[in-house]
Amino acid sequence: MTDTIFALSSGAPPAAIAVVRISGPAAGAALQALAERLPPERRTVTATLRDSGGAVLDRALVLWLPGPNTATGEDTAELHLHGGRAVVAAVSAALDALPGLRAAEPGEFTRRAFANGRIDLAEAEGLADLLNAETELQRQSALAMAGGAFSRQVEAWREQLLGLSASVEAVLDFADEDDVALLPADFLQRVDALRAQIATWLTRPRVEVLREGLRVVIAGPPNSGKSTLFNTLVQADAAIATPIAGTTRDVLTRPVAYAGVPFLFADTAGLHDATDDVVEAIGIERALEALDRADLVLWLGPEGEGPLGAWEVSAQCDRPQGAAKRQARHRVSAVSGEGIAALIADLVATARQAMPKPGEAALNQRQHDLLLEAARALQAAEDETDPLLVAEALRLARVAFDALLGRTTTEDMLDALFGRFCIGK
């Protein structure tokens, strides 16, 4: 029998109101035990909550939501309490003392919603991103995924795939009948059209860059102004900036958002060919690794010596002795502020091109890999001539679609996903 779980599902007290959720087969009995009655379904009523000894816990609003048409698909009750710590603690203790009830684990309410078919895996992943969203772009993209935009698209693809599979199965089952011995004339065109739709999604910006921010690495030789520019861009004295060469020994990162767009800026050790300092050598090696992972590099070193695609930046342009670049994308001074606003505006515009459009569902790594599997399977279906092999290729594409929506999952993967949720969600 499934346990009945409870948890505080609103913000940490003290607060004006604290919402405690109860979900499971004993939810109604728990509500009746505390409120001494079961209120009408789906109507908020006031009730005096008491513990097993009859002591008053709180005067609260209570809500009874019988399953399966609930968020979790189970019988659910909500207690809208006064939001003091002592009130929440007393009510939680009273619930914990009831038979069949226990405190919920992180993400357990949402996991039950998934297990009971109230949401699919893609929607659950979107909800996890929504709970962790810190910028407007993150919120809008996560909301689209949590709202089922991608799930509906996968279901539409799956319906097309089932139609294609039916055509192949007809050939395999009734190959001796002339009217169904051959695949329809438009079969390959339909397969190719489906694969092309998936390919369009595979070219979309990924959710990782939205979740983690555009990774911008500031690089160059020692004393080129990297740390000073880094501090200016992250709006904090995060890095030690001195005239002494080699001050930065490791990769230092800070997240920041501009105009609702997330960035992850990285300051790196000064790059040069040779050093006798073991620690500095390690810093240079880590700086090179950071360059390999960068979405964008701001190169403060000699013109033309930076990584391919790096932005040439003339830093310290307020200094007469500063080395000017003939084709610098930006000329800036972190001291005077010259050029900083233009650099930030350019970064924001570039990041927006690399990130999902507002309100557009974005794929994570798992979803991207599964869609790629489906696209490859469809390509195999186009290339094969044996109906048996075509049918197998279409089956593999269908398996990938099912995995996208969570119809085929592993417990480890589910544990990792729902472990991202807070207790009470």
Side-chain angles (χ1 to χ4, degrees), residues 1-13 15 17-27 30 63 65 67-81 83 88-89 91-92 95-96 98 100-135 138-151 154 207-208 210-212 361-367 369-370 402-425:
M1 182 178 179
T2 303
D3 292 339
T4 297
I5 57 175
F6 68 89
L8 176 68
S9 292
S10 54
I17 297 173
V19 179
V20 173
R21 298 172 71 194
I22 310 166
S23 180
L63 186 61
L65 304 166
N69 189 25
T70 62
T72 62
E74 302 175 328
D75 287 350
T76 302
E78 290 187 0
L79 312 176
H80 296 231
L81 313 170
V88 174
V91 170
S92 297
L95 289 171
D96 198 41
L98 295 175
L101 267 72
R102 63 170 175 82
E105 298 175 358
E108 194 167 4
F109 287 97
T110 307
R111 186 163 186 162
R112 291 189 176 200
F114 166 73
N116 293 324
R118 299 298 295 172
I119 60 173
D120 61 41
L121 191 58
E123 291 169 327
E125 289 173 309
L127 182 56
D129 286 338
L130 183 62
L131 293 174
N132 290 289
E134 295 182 352
T135 69
Q138 291 170 342
R139 183 191 70 82
Q140 292 183 15
S141 178
L143 197 60
M145 187 66 76
F150 179 59
S151 300
V154 174
V207 75
E208 283 79 13
L210 186 62
R211 183 187 299 153
E212 300 166 7
L363 303 179
N364 60 31
Q365 183 68 52
R366 184 193 76 88
Q367 294 160 346
D369 290 347
L370 286 170
D402 288 346
L404 280 167
L405 300 179
R407 290 170 181 158
T408 56
T409 57
T410 65
E411 287 301 309
D412 288 345
M413 189 270 289
L414 294 178
D415 288 344
L417 169 62
F418 293 110
R420 293 173 55 195
F421 287 74
C422 57
I423 294 174
K425 190 59 181 177

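Here the closest non-hydrogen pair linking A18 and V88 is CB-CG2, 3.5 Å. Across all non-hydrogen atoms, the minimal contact from A30 to L95 is CB-CD2, 4.3 Å. Of all heavy-atom pairs between A361 and A149, the closest is CB-CB, 4.5 Å. Taking every heavy atom of both residues into account, H80 and I17 meet most closely at CB-CG2, 4.3 Å. The minimum heavy-atom distance linking S23 with E74 is given by the pair OG-OE1, 2.7 Å. The minimum heavy-atom distance between L210 and S141, with the atom names listed, is CD2-CB, 3.3 Å.
In this view, T135 and L137, Q138, A257, P262 satisfy the side chain to side chain contact (heavy atoms under 4.5 Å, CB included) rule, not counting sequence neighbours. A search for salt bridge (Lys or Arg N to Asp or Glu O under 4.0 Å) contacts involving E208 returns R206, not counting sequence neighbours. Residues meeting the side chain to side chain contact (heavy atoms under 4.5 Å, CB included) test with Q367, sequence neighbours left out: A122, E125, M145, F150, L363, N364, L404. Applying the side-chain hydrogen bond (donor to acceptor under 3.5 Å, both in side chains) rule to R102 yields the partners D3, E108; only residues at least two apart in sequence or on another chain are considered. Remark: L143 engages L130, R139 in a side chain to side chain contact (heavy atoms under 4.5 Å, CB included) (not counting sequence neighbours). Residues satisfying the side-chain hydrogen bond (donor to acceptor under 3.5 Å, both in side chains) test with D129, not counting sequence neighbours, are R211, R420. Scanning for ring pair (Phe, Tyr, Trp, His ring centres under 6.0 Å) contacts around F109 gives an empty result, with sequence neighbours left out. Applying the side-chain hydrogen bond (donor to acceptor under 3.5 Å, both in side chains) criterion to S151, with sequence neighbours excluded, gives D120. Qualifying salt bridge (Lys or Arg N to Asp or Glu O under 4.0 Å) partners for E78, counting only residues two or more places apart in sequence or in other chains: none. D402 meets the salt bridge (Lys or Arg N to Asp or Glu O under 4.0 Å) test with R158, R407; sequence neighbours excluded. With sequence neighbours excluded, the residues forming a side-chain hydrogen bond (donor to acceptor under 3.5 Å, both in side chains) with D369 are Q365, listed by chain and number.
Taking CG of L370 as the reference point, atom CG of L121 lies at 9.5 Å (rounded to 0.5 Å). Residue L127 holds its CG atom at 9.5 Å from CG of N132, rounded to the nearest 0.5 Å. The distance from the CG atom of D75 to the OG1 atom of T70 is 7.5 Å, given to the nearest 0.5 Å. One finds the CG atom of L101 at 6.5 Å from the CD1 atom of I22 (value rounded to the nearest 0.5 Å).
Exactly one residue among T72, N69, T110 makes a side chain to side chain donor-acceptor pair (under 3.5 Å) with R118. That residue is N69.
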